[in-house]
There are 2 protein chains.
Amino acid sequence: MRATIQDVAREAGVSVATVSRAMRGMTHVAEDTRRRVLETAQRLGYAPHFGASSLAGGTTGMIGLVAPYFHIWYASQVLTGVEHVLSASSRDLVIFAGDTPENRARFLDRLPSLVTRIDGLILVDFFPNEDELRALRESGLALVAVGEELPGVASISIDNFEGAYRATNHLIDMGHTNIALGGGRQLSLDASPVLALRIDGYRAALEDAGLKPRVEYDLGGLLSSTGGRAAIDELLDLAEPPTAIFFLSDEMAMGGLAQARRRGLHVPSELSVVGFDDHNMAEAAGLTTIRQRVRELGVLAAQRMVAFADQDREGSHELVPVELVVRHTTSGPH
Amino acid sequence: MRATIQDVAREAGVSVATVSRAMRGMTHVAEDTRRRVLETAQRLGYAPHFGASSLAGGTTGMIGLVAPYFHIWYASQVLTGVEHVLSASSRDLVIFAGDTPENRARFLDRLPSLVTRIDGLILVDFFPNEDELRALRESGLALVAVGEELPGVASISIDNFEGAYRATNHLIDMGHTNIALGGGRQLSLDASPVLALRIDGYRAALEDAGLKPRVEYDLGGLLSSTGGRAAIDELLDLAEPPTAIFFLSDEMAMGGLAQARRRGLHVPSELSVVGFDDHNMAEAAGLTTIRQRVRELGVLAAQRMVAFADQDREGSHELVPVELVVRHTTSGPH
DNA sequence: TGCGCCGTTGTAAACGTTTTCAGTCGAGGG
DNA sequence: CCCTCGACTGAAAACGTTTACAACGGCGCA
């Protein structure tokens, strides 16, 4: 049926060993032998059997990527960056979603079986606890973490603290003193070090300016547009409403923006709004925000993974800088 | 190093054949033998070697998915739907991006080598030409197409014609007669049957209402927020500007919405706007739109693929219905 | 009691590579 | 002219499964 390496060898008048070497561009093959082999392979439509290679060679050329979701803006951006680099180095990408706790557990259970399936694993916003981290380490897979710092694991993230600090500082610079935090009331920060860092950045900026964070200025929950709407509703109920709000994500900010306008609040004259992400709808919305180059995160992660193949396996941490993009949702108070 | 099936067999006091049968839940294994084998496997931390299984068994349990991009809303939604179903049936998902022509060509070249790597392939908005379709067919892979109808291939898409028809009709019902089409000026409709269908739906609705489509009402190019902005700029330059506009995508509509407001046009009193997608920011924007249940597209595609494993390989076409969601961007003219 | 059948198990032959090791052949140096 | 060395090539042993086929035992039925 399918042509095998045997067929190519016979047809080209060489041994299978030579075909194998020639196909993979290895040394110790005479130039015209290689040419003959390649041409024969082409003619027979030969392509190496994946399972056979992986069995004999011990490697698959596949990289895994696990993320909580793929339909959220952040993860899909990372995915694209990773895919680009990987496909250019002719590796394949297999993806796993760890959205629900069950999925997550199932994924971790499968870890031992993944070892023969992929050469390395990219973790996107995975936030493993101690047991999970140990399981990952013991798998022996090459690991790269995106979005968080993991001890002993090569990791890459954007500078969340700095981003939040700058966003808040931008509002302070414009004269605001009553600055709320959209998404500040998180159920569990252990589950999301990323948000913890952003919240820290917000607080640090306030403190450095001699301002006190107020509990009642921590608004809304989820970082979605629905969460943003809820945050604005809360804000309007406050005795002393803030004049500015820093949302922990753009989706949330855009939801908040729409709700503020719907409830008759003019932005930016009555309320300044800053987001975080530079979501691709943020420009259309005119939203002032912190740009995080998420796709680059994916690119760097994949490059790191590719470098692993060349035995460069250190667990350093890389920080991608962020940038403040001022659009039309911020101004001075009143 | 790693435990093999041999180790399990020896330890459990049975043959490798029995272990293989027991592990895969096959018949012809006594219940207590199975229990003993499973327990031994568990104890030794045994997991089958992927390459070996695939070599001997001829199947990999991996499904491929190729899409133009993954960071656009539509594709990432499909991806999530597919992933859900596949992971529940313990299959893995490997993804390929066919964004640039080079990537696309490279992907098609690799097709023969993919056969030993994946069991089936899901095409998302792939729009193959005749040669490409033949290459796909000859690969012998199980194929499912999402977003377009492919002769002889199981395919699933939403009802684009109907959606556009309803969107346009909604505007007609409200009394509009001058209705523009945002994104109507496409460079090549051959490349995107999806858009062609939407445009047909728009035209059909006009004609059924006795209205004539006007060339100058085909506005803007790309279906992005930038494209939407351009469309509004064009619209404002027209001698007899339309009172309503149907955008071929929500991103475009939201870009247009923001630009219209920025240029002092009140929505909906001066301009009605309808989109297409029900993007997850559409609700926040209050955008009237056509809801396409994209995630369900992915779910159906994956289910179809799983059914293929049970030899149900017919090339029928399935149409997922759409729904008009009326929000706050449409009203009667003037 | 003998026979056939069925459920369970084992033996061994694939499956198609990669890689080690040994071998050949020609060139160059002593 | 012999020896060594290096570039190239081939033979054959893994790699760890799946699966056809054979074998075995017990049970029901005649």
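Each chain gets a letter, A, B and so on, in the order the sequences are listed, and its residues count up from 1. Predicted model only: the values in this text are computed from it and were never measured.
- To the nearest 0.5 Å, atom CG of residue A:L93 and atom CE of residue A:M62 are 9.5 Å apart.
- Using a 4.0 Å heavy-atom criterion, one finds that A:T33 contacts the sugar-phosphate atoms exclusively.
- Nearest to the side-chain atoms of B:A56 among the listed nucleotides D:dT9, C:dT18, C:dC15 stands C:dC15.
- Using a 4.0 Å heavy-atom criterion, one finds that B:Y46 contacts the sugar-phosphate atoms exclusively.
- In this model, the phosphate group of C:dT18 is approached by a side-chain N or O of A:S20 to a distance below 4.0 Å at OP1 or OP2.
- Distances shown here put every side-chain N or O of B:R2 at or beyond 4.0 Å from the OP1 or OP2 atom of D:dT17.
- The side chain of B:H28 lies closest to C:dG7, out of D:dT17, C:dG7, C:dG10.
- Each of D:dT17, C:dT9, D:dA12 was ranked by its minimum atom distance to the side chain of A:V16; first place goes to D:dA12.
- Ion pairing of A:D131 with A:R134 is present here, as a side-chain N (NZ or NE/NH1/NH2) and a carboxylate O approach within less than 4.0 Å.
- Residue B:A30 is classed as a sugar-phosphate contact, given heavy-atom separations below 4.0 Å to backbone atoms only.
- Nucleic acid contact class of B:S54 (heavy atoms, under 4.0 Å, all strands): none.
- Rounded to the nearest 0.5 Å, atoms CD1 (B:I63) and CD1 (B:I122) are 6.5 Å apart.
- Along DNA chain C, the nucleotide nearest B:R34 and the nucleotide nearest A:G57 are compared for position; the residue whose nucleotide lies closer to the 5' end is B:R34.
- Between B:P151 and B:L133, the shortest heavy-atom contact is CG-CD2, 4.1 Å.
- Among the protein residues, A:H49 comes within range of the sugar-phosphate backbone only, with heavy atoms under 4.0 Å from sugar or phosphate atoms but none that close to a base.
- Rounded to whole angstrom, the span from the CD atom of A:Q6 across to the C1' atom of C:dC15 amounts to 11 Å.
- Rounded to an integer number of Å, the gap from B:R36 CZ to C:dT9 P is 8 Å.
- Side-chain to base pairing of B:R21 with C:dG10: one donor and one acceptor N or O lie within less than 3.5 Å of each other.
- When the P atom of C:dT9 is taken as reference, atom CD of B:E31 falls 10 Å away, rounded to whole Å.
- Close to C:dT9, at under 4.0 Å from its OP1 or OP2, lies no side-chain N or O of B:T18.
- Between the C1' atom of D:dT9 and the CD1 atom of A:I5 lies a distance of 14 Å, rounded to the nearest Å.
- B:R10 has its CZ atom 19 Å from the P atom of C:dT9, to the nearest Å.
- Put simply, A:S53 has no side-chain N or O that comes within less than 4.0 Å of OP1 or OP2 on C:dT17.
- When each of D:dT9, D:dT17, C:dG10 is scored by its nearest atom to the side-chain atoms of B:T4, the top-ranked nucleotide is D:dT17.
- Between B:L111 and B:S139 the shortest heavy-atom distance is CG-CB, 4.1 Å.
- Rounded to whole angstrom, the span from the CZ atom of A:R117 across to the P atom of D:dT17 amounts to 13 Å.
- Geometrically, B:R104 engages B:F126 in a cation-pi contact, judged by NZ or CZ lying under 6.0 Å from the ring centre and within 45° of the ring axis.
- Judged by closest nucleotide on DNA chain D, B:L55 is the one of B:M26 and B:L55 placed further toward the 5' end.
- Distance, A:L44 CG to C:dG16 P: 14 Å, rounded to whole Å.
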